[in-house]
Amino acid sequence: QVQLVESGGGLVQAGGSLRLSCAASGPTFGRFAMGWFRQAPGKEREFVASISWSGAGTTYGAFVEDRFIISRDNTLNTIYLQMNSLKPEDTAVYYCTADPLPPESMTIPSYVGKYWGQGTQVTVSS
């Protein structure tokens, strides 16, 4: 069983930066691919980024445009999402997910996800 807790969300002006964290509990964290999704009001859930268990492989949603960086520290059971050059359209609740499947599986529209956090709100003002 893996429990995920996100933090780091908040209110930021357009062009600013935030770093989200997702702390995981459970002995098998290092074996899981991890990822970030987001969901804005009235919109469908959207893939943001994923990272392999080793951290060597990363995948990003097309809208990221090199503005975000996903990373992980397996010694701390934590993953991060560094978000730069934020735009108002980045406003959403950001969710962390963990899965024994390959990280590329998170890019599939039908992805369900094995474990999810409760989400952290990111609001970008114009």
Side-chain angles (χ1 to χ4, degrees):
Q1 186 74 13
V2 175
Q3 292 184 326
L4 306 173
V5 179
E6 301 97 334
S7 62
L11 174 64
V12 65
Q13 289 187 332
S17 298
L18 281 174
R19 189 176 82 154
L20 306 184
S21 299
C22 173
S25 63
T28 59
F29 172 79
R31 303 177 186 175
F32 283 75
M34 303 288 294
W36 291 95
F37 284 75
R38 69 183 188 182
Q39 188 165 21
K43 295 188 177 182
E44 293 187 351
R45 186 187 67 187
E46 182 176 33
F47 170 75
V48 178
S50 62
I51 187 167
S52 64
W53 67 268
S54 68
T58 58
T59 305
Y60 294 93
F63 72 88
V64 170
E65 300 173 331
D66 295 328
R67 298 181 298 128
F68 299 174
I69 300 173
I70 187 171
S71 61
R72 69 189 294 164
D73 185 337
N74 288 345
T75 64
L76 298 177
N77 282 10
T78 301
I79 69 165
Y80 306 96
L81 184 67
Q82 177 66 43
M83 304 188 295
N84 302 317
S85 302
L86 283 162
K87 305 174 183 179
E89 50 264 44
D90 293 318
T91 295
V93 178
Y94 284 71
Y95 297 92
C96 173
T97 185
D99 206 300
L101 295 175
E104 294 77 18
S105 66
M106 299 182 185
T107 66
I108 301 172
S110 60
Y111 176 75
V112 175
K114 180 71 172 179
Y115 302 104
W116 292 91
Q118 83 290 348
T120 185
Q121 176 71 47
V122 171
T123 303
V124 184
S125 63
S126 58

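Nothing here was measured: the structure is a model prediction, and the numbers come from that model.
Minimum heavy-atom separation, A98 to F32: C-CD2, 3.9 Å. Across P103 and S50, no two heavy atoms sit closer than the pair O-OG, 3.1 Å. In terms of heavy-atom proximity, C96 sits nearest to L4 at O-CD1, 3.6 Å. In this structure, A40 and A92 approach most closely via the heavy-atom pair N-CB, 3.8 Å.
If you chain together hydrophobic residues whose side chains sit under 4.5 Å apart, V48 and V93 never meet in one group. Hydrophobic clustering (ILVMFWY, side-chain heavy atoms < 4.5 Å, transitive): V12 and Y94 are in one cluster. Under the 4.5 Å side-chain contact rule for hydrophobic residues, L81 and V2 share a cluster. Transitive grouping of hydrophobic side chains (ILVMFWY, heavy atoms separated by less than 4.5 Å) keeps L76 and I70 in distinct clusters. Linking Ile, Leu, Val, Met, Phe, Trp and Tyr residues whenever their side-chain heavy atoms come within less than 4.5 Å places V122 and I69 in a single cluster.
At least one side-chain heavy atom of R67 sits under 4.5 Å from a side-chain heavy atom of D90. Annotation: side chain of R45 is not in contact with side chain of Y95 (no heavy-atom distance under 4.5 Å). Within the 4.5 Å cutoff, no side-chain heavy atoms of W116 are placed close to those of D99. Residues F47 and F37 have side chains in contact (heavy-atom distance under 4.5 Å, counting atoms from C-beta outward).
Partners of N84 by side chain to side chain donor-acceptor pair (under 3.5 Å), not counting sequence neighbours, listed by chain and number: S17, Q82. Partners of T97 under the side chain to side chain donor-acceptor pair (under 3.5 Å) rule, at least two apart in sequence or in another chain, are Y111. Qualifying side chain to side chain donor-acceptor pair (under 3.5 Å) partners for Q1, counting only residues two or more places apart in sequence or in other chains: none.
In this structure, the side chain of R72 does not engage the main chain of A33 through any donor-acceptor pair within 3.5 Å. Within the 3.5 Å criterion, the main-chain N or O of C22 finds no donor-acceptor partner in the side chain of E6. Looking only at distances, no side-chain donor or acceptor of D73 sits under 3.5 Å from a matching main-chain atom of T78. Judged by distance alone, the side chain of N74 and the main-chain N or O of S54 form no donor-acceptor pair under 3.5 Å.
Going from atom CD of Q39 over to atom CD of E46 covers 10.0 Å, rounded to the nearest 0.5 Å. How far CH2 of W36 is from OH of Y80: 10.5 Å, rounded to the nearest 0.5 Å. Taking CD of E65 as the start and NZ of K87 as the end, the distance is 4.5 Å to the nearest 0.5 Å. Between atom CD of residue Q121 and atom CG of residue L11 there is a gap of 9.5 Å, rounded to the nearest 0.5 Å. Here the straight-line distance linking atom OG of S71 with atom CE of M34 works out to 11.5 Å at 0.5 Å rounding. Here K114 contributes atom NZ and M106 contributes atom CE; the two are 12.5 Å apart, rounded to the nearest 0.5 Å.
Evaluated for a side chain to side chain contact (heavy atoms under 4.5 Å, CB included) with T120, the options L18, L20, V5 yield exactly one hit, L20.
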